[in-house]
Amino acid sequence: MRRIFILPSLKAMAFTALLAGAAGLALAQAPAAGAVQTYPNKPIRLVVPYPAGGATDYVARLIGERLSKRWGQPVVVDNKSGAAGAIGVADVAKAEPDGYTVLFTINDPLVNNVALFKTLPYDPQKDLAFVAQILRSPALISANTELGVKNFEDFRKLAQPAAKFSYGSWGIGGLGHLAGETLNRNLKAQMVHVPQRGEGPVVQDLMGHTVSIGLTSVATAKQQVAAGKIVPLAMMGRERSSALPHVPTLRELGFTDPLYDTSVWMAVLVPVRTPAPIVQRLATEIRAIANSAEVRNQLVDRGFEMQVSTPEQAQANYKAEFDIITKRIRDLGIEPQ
């Protein structure tokens, strides 16, 4: 007997394939959806790309401790420093996007590093997503007491090309360095840059009269300003600091360069493919912690300015500063490493 084979139509084959694909997709998505609904159900690693004991580490531990209490899960701060923050940021950028590896950083590794390094093991604009910005820390320009100035106008009169002045900052390519070189241009001065590995050594240099002026955060310099050991001259940012309300901004003093409006800020980020519900839950919890009276008071008392934002606001703030800072690094001729 002759057998007859009936071939399925293309339409039937396509329909069968569609059903199989949908079933496979449903099976693949089921664990992911369940993971989102039960998040968090294990410890969270909060990566800080700087050593323990610094300002970024302090704020990260403050937020992490309270997040752990709210969620009943450990939040472990992991200090992965090195390469101007690039090592820690790369660790998070390459991590599983499940909400259990979170980055807590200042803006330098996300902005300045793009222009300071020929290659980076991450692309901050493609590999990471903002959860929230927490605060900003405006840069303060201070003088040593031996210089004999009381305010910025006094310093402006002294900062002539022939004057042998120097300025300290927390590192090559950082906001303090960029501001110092921009001041050189604005004042037609020839101050020599003395880079340090952090803000603390800059304050020590000021007190030891090793540098003429120094650029640090308000939080780092506040105690020595109050003790009269260094002289505050001006600050960066759009507004005066609530910790040093008597110190004017550079904009108030007539400087209109957009670089002077920028500040160092701290933010929370996750790998870019982290599910939106997890990002939103993290954002909601972190904003609630940062806006609590206890945390806000602690941070403001240390000289920080609160800037608690949504993921969308944080991304917009980042974009607004990215071009200004990276372009200034190139304009100043700072060679990428």
Trainee: What residues, two or more places apart in sequence or in another chain, satisfy salt bridge (charged side-chain N to carboxylate O under 4.0 Å, His left out) together with E294?
Mentor: R66
Trainee: Hey, are E65 and K69 close enough for a salt bridge, meaning a charged N less than 4.0 Å from a carboxylate O?
Mentor: yes
Trainee: May I ask you to test the V211-L206 pair for a side-chain heavy-atom distance under 4.5 Å?
Mentor: yes
Trainee: Side chains of Q313 and Q133: closer than 4.5 Å at any heavy-atom pair?
Mentor: no
Trainee: Quick check on Q223: does its CD atom have over 12 non-hydrogen neighbours (other residues, nucleotides or ligands) under 6.0 Å away?
Mentor: no
Trainee: Could you go through T105 and V92, starting from their C-alpha distance and side-chain angles, then the distance that decides it, and tell me whether this counts as side-chain contact (heavy atoms from CB on, under 4.5 Å)?
Mentor: CA-CA 11 Å; T105 184; V92 177; over 6 Å; no
Trainee: Apply the test side-chain hydrogen bond (donor to acceptor under 3.5 Å, both in side chains) to residues Y260 and N186: give CA-CA distance (whole Å), side-chain angles for both, the deciding distance (0.1 Å), then the verdict.
Mentor: CA-CA 12 Å; Y260 296 142; N186 294 156; 2.6 Å; yes
Trainee: Is there a side-chain contact between V59 and F304, using heavy atoms and a 4.5 Å cut-off?
Mentor: yes
Trainee: Does E321 have any salt bridge (charged side-chain N to carboxylate O under 4.0 Å, His left out) partners at least two apart in sequence or in another chain, and if so, which?
Mentor: none
Trainee: So how far is it from K229 NZ to M207 CE, rounded to the nearest 0.5 Å?
Mentor: 6.0 Å
Trainee: Please report the shortest heavy-atom distance between V75 and G64, naming the atom on each side.
Mentor: CB-O, 3.5 Å
Trainee: Measure the CG-CD1 distance between L178 and I325 for me, rounded to the nearest 0.5 Å.
Mentor: 7.0 Å
Trainee: Does some side-chain heavy atom of F155 sit less than 4.5 Å from a side-chain heavy atom of V231?
Mentor: no
Trainee: Could you state the interatomic distance from CZ (R61) to OG1 (T56), rounded to the nearest 0.5 Å?
Mentor: 11.5 Å
Trainee: Starting from I289, can I reach V300 by hopping between I/L/V/M/F/W/Y residues whose side chains sit under 4.5 Å apart?
Mentor: yes
Trainee: Could you please spell out the steps behind the side-chain contact (heavy atoms from CB on, under 4.5 Å) verdict for L269 and Y318?
Mentor: CA-CA 12 Å; L269 300 96; Y318 171 71; over 6 Å; no
Trainee: L175 pairs by side-chain contact (heavy atoms from CB on, under 4.5 Å) with which of L215, V264, N107, V111?
Mentor: V264
Trainee: Among residues two or more places apart or on two chains, list those pairs meeting salt bridge (Lys or Arg N to Asp or Glu O under 4.0 Å) that have a residue in residues 131-155.
Mentor: E153-R156
Trainee: Determine, using the 4.5 Å side-chain heavy-atom cutoff (strictly less than), whether V194 and W170 are members of one ILVMFWY cluster.
Mentor: no
Trainee: Once you round to the nearest 0.5 Å, how far does CG of D261 lie from OG1 of T256?
Mentor: 9.0 Å
Trainee: So which heavy atom on G214 is nearest to which on V202, and how close?
Mentor: CA-CG1, 3.8 Å
Trainee: Would you call the rings of H193 and Y167 parallel, tilted or perpendicular, where under 30° means parallel and over 60° means perpendicular?
Mentor: parallel
Trainee: For the residue pair A290 and V308, what are the closest heavy atoms and their distance?
Mentor: CB-CG2, 3.8 Å
Trainee: Side-chain heavy atoms nearer than 4.5 Å, only ILVMFWY residues, links allowed to pass through others: does that put L147 and F152 together?
Mentor: yes
Trainee: Quick one: which residue pairs count as a salt bridge (Lys or Arg N to Asp or Glu O under 4.0 Å) with a foot in residues 324-337, not counting sequence neighbours?
Mentor: D257-R328, K327-D331
Trainee: Among residues two or more places apart or on two chains, list those pairs meeting ring-ring contact (aromatic ring centres under 6.0 Å, His included) that have a residue in residues 62-93.
Mentor: Y39-W71
Trainee: So, using salt bridge (charged side-chain N to carboxylate O under 4.0 Å, His left out) as the criterion, who are the partners of D323 when residues are at least two apart?
Mentor: none
Trainee: If you apply the rule side-chain hydrogen bond (donor to acceptor under 3.5 Å, both in side chains), what do you find for T101 with E96, and how did you get there?
Mentor: CA-CA 7 Å; T101 303; E96 188 72 23; over 6 Å; no
Trainee: Please tell me if the side chains of Q298 and V295 come closer than 4.5 Å, counting only heavy atoms from C-beta onward.
Mentor: no
Trainee: Could you list the donor-acceptor pairs under 3.5 angstrom formed by side chains in residues 120-132, with sequence neighbours left out?
Mentor:
from: Y122; atom 1: OH; to: P109; atom 2: O; distance (Å): 2.7
from: Y122; atom 1: OH; to: N113; atom 2: ND2; distance (Å): 3.4
from: D123; atom 1: OD1; to: Q125; atom 2: N; distance (Å): 3.0
from: D123; atom 1: OD1; to: K126; atom 2: N; distance (Å): 3.4
from: D127; atom 1: OD2; to: D123; atom 2: N; distance (Å): 2.7

Trainee: Donor-acceptor check, side chain of N184 to backbone of M191, threshold 3.5 angstrom: yes or no?
Mentor: yes
Trainee: Do F165 and I230 belong to the same hydrophobic cluster, where Ile, Leu, Val, Met, Phe, Trp and Tyr are linked whenever their side-chain heavy atoms lie under 4.5 Å apart, directly or via other members?
Mentor: no
Trainee: Over all heavy atoms of both residues, which pair between A115 and P336 is shortest? Give the atoms and the distance, please.
Mentor: O-CB, 3.7 Å
Trainee: Answer yes or no: is there a side-chain heavy-atom contact under 4.5 Å between T249 and F255?
Mentor: no
Trainee: In a table with atom names and distances, give each donor-acceptor pair under 3.5 Å that connects a side chain of residues 232-240 to protein atoms at least two apart or in another chain.
Mentor:
from: R240; atom 1: NE; to: E252; atom 2: OE1; distance (Å): 3.2
from: R240; atom 1: NE; to: E252; atom 2: OE2; distance (Å): 2.9
from: R240; atom 1: NH1; to: P245; atom 2: O; distance (Å): 2.9
from: R240; atom 1: NH2; to: E252; atom 2: OE1; distance (Å): 2.8

Trainee: Let me check something: do V47 and V272 share a hydrophobic cluster, defined by ILVMFWY side-chain heavy atoms less than 4.5 Å apart, either directly or through other members?
Mentor: no
Trainee: Calculate, to the nearest 0.5 Å, the distance between atoms OG and CG belonging to S309 and L135 respectively.
Mentor: 10.5 Å
Trainee: Using a side-chain heavy atom cutoff under 4.5 Å and only I, L, V, M, F, W and Y, what cluster partners does V192 have?
Mentor: none
Trainee: Between F117 and A83, which heavy-atom pair has the shortest distance, and what is it?
Mentor: CZ-O, 3.9 Å
Trainee: Would you say that L67 contacts L46 through its side chain, given a criterion of any heavy-atom pair below 4.5 Å between the two side chains?
Mentor: no
Trainee: Taking C-beta and beyond as the side chain, do W265 and N317 meet within less than 4.5 Å on heavy atoms?
Mentor: no
Trainee: When you look at Y58 and L299, which way does the side-chain contact (heavy atoms from CB on, under 4.5 Å) test go after all the steps?
Mentor: CA-CA 10 Å; Y58 166 78; L299 294 176; 4.0 Å; yes
Trainee: So which heavy atom on P311 is nearest to which on Q280, and how close?
Mentor: CG-NE2, 4.2 Å
Trainee: Can you sort out the partners of F104 under ring pair (Phe, Tyr, Trp, His ring centres under 6.0 Å), two or more places apart, ordered by chain and number?
Mentor: none
Trainee: Using 0.5 Å steps for rounding, measure from the CD atom of Q73 to the OG atom of S68.
Mentor: 8.0 Å
Trainee: Evaluate side-chain contact (heavy atoms from CB on, under 4.5 Å) for V270 paired with L282, printing each intermediate quantity in order.
Mentor: CA-CA 10 Å; V270 290; L282 267 169; 3.9 Å; yes
Trainee: Tell me every residue that passes salt bridge (charged side-chain N to carboxylate O under 4.0 Å, His left out) with D91, counting only those two or more places apart in sequence or in another chain.
Mentor: R45, K80
Trainee: Quick one: which residue pairs count as a salt bridge (Lys or Arg N to Asp or Glu O under 4.0 Å) with a foot in residues 275-286, not counting sequence neighbours?
Mentor: R70-E285
